Amino acid sequence: MNPWDLIMNNAPALAIAIPLLGAFVTPLINRAGRKAMLVWVIAVLAFTEFIALLLVYQVNTYGIQVYVFGANPHTLTVPPDSGGIPVRIIFTIDGMSAFTALISATLGLVVGIYSVGSEKFQTAQEKFFALLLLLVVGMMGMALTGDIFNFFVFLEINSLAAAALVSYHLNKGKAVEAAFKYAVVSSIGALMILFAIAILYGEYDALNMAMIAQRMYQTGFSTYDMIAMTLILVTLAMKCGAVPMHYWVPDGYGEAPGGTSAILVVASQASLYGLFRMSFTVFGLSANTSSLGWFMIILGLLSMFIGVTMAFLQHDIKRLMAYHAVSQTGYMLLGVGVGLATLGTAAFNQYGLYAMEGGIFHIINHALYKGLLFLTAGAIIYRVGTSDLNKMGGLAHSMKFTAVFFLIGAFAIAGIPPFNGFASKLMIYESVYQLNPFLAIVAAIVSMLTLASFLKVFHSAFLGPKIYDVKEVPKSMLFAMSILAFFIILFGIFPNIAIHYLVAPAAHALANPLGYITKVLGGGA
Amino acid sequence: MNPLVPTITTPSGVWNPLVWLMVFLLSLIIALIIYMRGEKTRKKGMQAGVFFSGDRPPEGMDAHIAAHNIGWGFMEALRPYYRAMRKMHTGIINDYVGWFLGILAVMLIIFLFWGGA
Amino acid sequence: MRNVLMSIVFLILLAFMLYVAINPGDFGSSTGEHFVFGAPKFTDMDNYFIHNGQNQTAANNIVTSIVFDYRGFDTLGEASVLFTAVLGVGVVLRLLGGGRNDE
Amino acid sequence: MIFNLPFITVIIVMFFGFYAMVFRRNLIKVVIGLDLVESAVNLFLVSLGYVKGGVAPIYTSAPSTHMVLPTPQALTLTSIVIGVATTAMLLSFCMVIYKHYGTLDTRKVRRLEE
């Protein structure tokens, strides 16, 4: 078998194996010197990105992919002698999984390149980069897995790696405090998910998502399912930072080192993926999707409004952006929530699917522009040494590129055309108002407040007299920022590239749980 | 659907960023033309002291409006709201867990009545 | 105030969890009893392991065959979690150099 | 109902854990609460696999009667290791917080508020 076929056939496993191997070996390679370690990490991240692109290609060309660990052949989901039960761990990759995996890999690569420059003066860099790779492993695993206990394991990798990354700059104990809060909150959440998994296991004797969904559909939605569903959905809503369980978000994002906040945004989006996957695929057939949809919509509205108003109060640049991350998560919950609320009715084809596409498009846009904004914030802190906006001013005199990148990110998040934030916000506004005009009004007001708040940041950090005599940040950091800025403009001017290849397959995959179940169980549903 | 066509068609409208960009560039050019027609003999630096009635203009941080002054009116108008919000964001880890359990309890009750199909 | 609210929350949660535990029969659906200690309703996946585990994996202990074969990928994930935690402990307890963000 | 006694034990242990996490003002006790919840979940998981009269799922030379379900035991193994890892990390965070703040009172460990 030639190597290309080997990669093509085993792409789902390689998406986990490459960064995992990279993480395990990174501390060893560091013995050969810092440069070798950095080259290794960037190479591993680039190869992961390649695998993620390959997954997107495979899903778009051949439909849903399954990969069974330890089975021969690797597509044998149900052993012939088992009576129709999947017994092994199955990776199931549909449009939404490939979409999330691509975002994780991309931001992982960008943050890796950025951190080469921004963490130059820190000790224990090999631990930092190993944790970065492990965080990518966690996100990829959450996105690709089709097994509910495996999901829990990757959720734990994700939260522990993220918490350890948050604590990396100890920052007189403040970063460790943030990491402690993050770790406690995500551990209790993960335990609740494990409890729900135990309930589902006790009820259906299955751990495969498709199998659970099928048996739940056949036996009817019981009160135990309801309890398990609530535990899972509330926990994942907390992990993606929905108000009123968002308190860890500003702590964690605000104290994370340099550009690492950018990848923490994607780590939360992996939980958002989990929320969508669970509510559409696992519980979508049996539960009342309308009330699940309204659960998401209300959380989304609360997140949007409280997030953006709390951001006004902040004078720490990264905490301010973290509150904006909460607020932007609200848009995704709103868009997909409207899709879920109308699932199965005539309204779904009328506007629900567009709302879902808007919400999912907003995920990648948010990852790009909030990633860029966090990277510029990291650049400011790298040069100025403080994150307090009250002490900043006049940085545009000396950090011209950073200022331009910040402006691009700020315009994109505020939904100024022709940047990418506008495209997805437009799709959300124009579809959700058909369900209820109030939703679109709140979304538009929040967008204006976002612009006001970022004007405040731009004014106080970049405009005004020259106060700090600083240089521009190192080239690797500028390069990382320029990658994201390029994609922001590309997706702003040609939004159909993203919609056609990434967003529409993801939305259709979510809206079709029966296709998922049929693919895994072989026509049993 | 050709992915290189920039038009998005939403259920109630159409959006094309290229048209928007062209209109933007056109207005930029018009503004530039108006700007070019202005007085060319003005000198830089002559107008600075006017606003300060002859006083020496402030320098450094004093000349800059710091972040906490921006949006003051907005926060003042919404003061009761912000007081409630500050009370909510205590920063105590017990409260973080408490809010999580609270939402869990509320959602359990809501889904008990409206969760099933 | 806080204590009262949290007590109410605890009561609600306790009621639901005890419902799972005590299982007075399911209302609203025809699924019957699931959570009787010692009598799980579906057992087909585990029966597959019990009947085929020894043949397929050559392990007398079925738990071993699950941990290291059928669900071996979970064990890899578990090892990664351990590795992550080791790195995390190493990061917070490390000696700080001349970085600019730490003291 | 009395046959579900293990499940009731699970709930009681879990609520001890919740109580410690919400009402105790010491970071270490919060971690202890987390561990209690985790033990409860592990106990629930492992007790789900019990089959009345079953033996451990190991093939020995003794005549084999019917066995308890093996999957929950495997899951519990994984979950225990994950719990140990989490606890180790949280406790080391507590150490560093104590070193810098000089206290473990949750009402004082709140330099990040609003």
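Given the structure is predicted, the values throughout are model-derived calculations rather than measurements. Protein chains get the first letters and strands the later ones, always in sequence-line order, with residue 1 at the start of each.
- A donor-acceptor contact shorter than 3.5 Å is absent between the side chain of C:Thr75 and the backbone of C:Phe68.
- The two residues C:Arg94 and C:Val91 have their closest heavy-atom pair at NH1-O, 3.0 Å.
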Should B:Tyr82 and B:Glu76 be marked as a side chain to side chain donor-acceptor pair (under 3.5 Å) after you check the CA-CA gap, both sets of side-chain angles, and the distance that decides it? CA-CA 9 Å; B:Tyr82 274 111; B:Glu76 193 65 16; over 6 Å; no
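- A donor-acceptor pair under 3.5 Å is formed between the side chain of B:Ser27 and the backbone N or O of B:Phe24.
- Per-residue counts of heavy-atom pairs under 4.5 Å with chain C were compared for B:Leu108, B:Ile109, B:Leu101; the largest is that of B:Leu108.
- With hydrogens and angles disregarded, no donor-acceptor distance shorter than 3.5 Å links the side chain of B:Arg37 to the backbone of B:Ile34.
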Mind running side-chain contact (heavy atoms from CB on, under 4.5 Å) on B:Leu32 and B:Leu28 for me, showing each step along the way? CA-CA 6 Å; B:Leu32 201 67; B:Leu28 212 64; over 6 Å; no
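- Contact of the B:Arg83 side chain with the B:Lys87 side chain is not registered, since no non-hydrogen atoms from C-beta on lie closer than 4.5 Å.
- To the nearest 0.5 angstrom, C:Arg2 atom CZ is 5.5 Å from B:Asn94 atom CG.
- Listed by sequence position, the residues of residues 58-66 of chain C in contact with chain B number zero, using a 4.5 angstrom heavy-atom cutoff.
- To the nearest 0.5 Å, atoms CD (C:Glu78) and CZ (C:Phe83) are separated by 15.0 Å.
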Take B:Arg86 and B:Tyr81 through the side-chain contact (heavy atoms from CB on, under 4.5 Å) test and state the conclusion after the steps. CA-CA 9 Å; B:Arg86 277 177 196 243; B:Tyr81 171 78; over 6 Å; no
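- Residues of residues 10-17 of chain C having a heavy atom under 4.5 Å from any heavy atom of chain B, listed by number: C:Phe10, C:Ile12, C:Leu13, C:Phe16.
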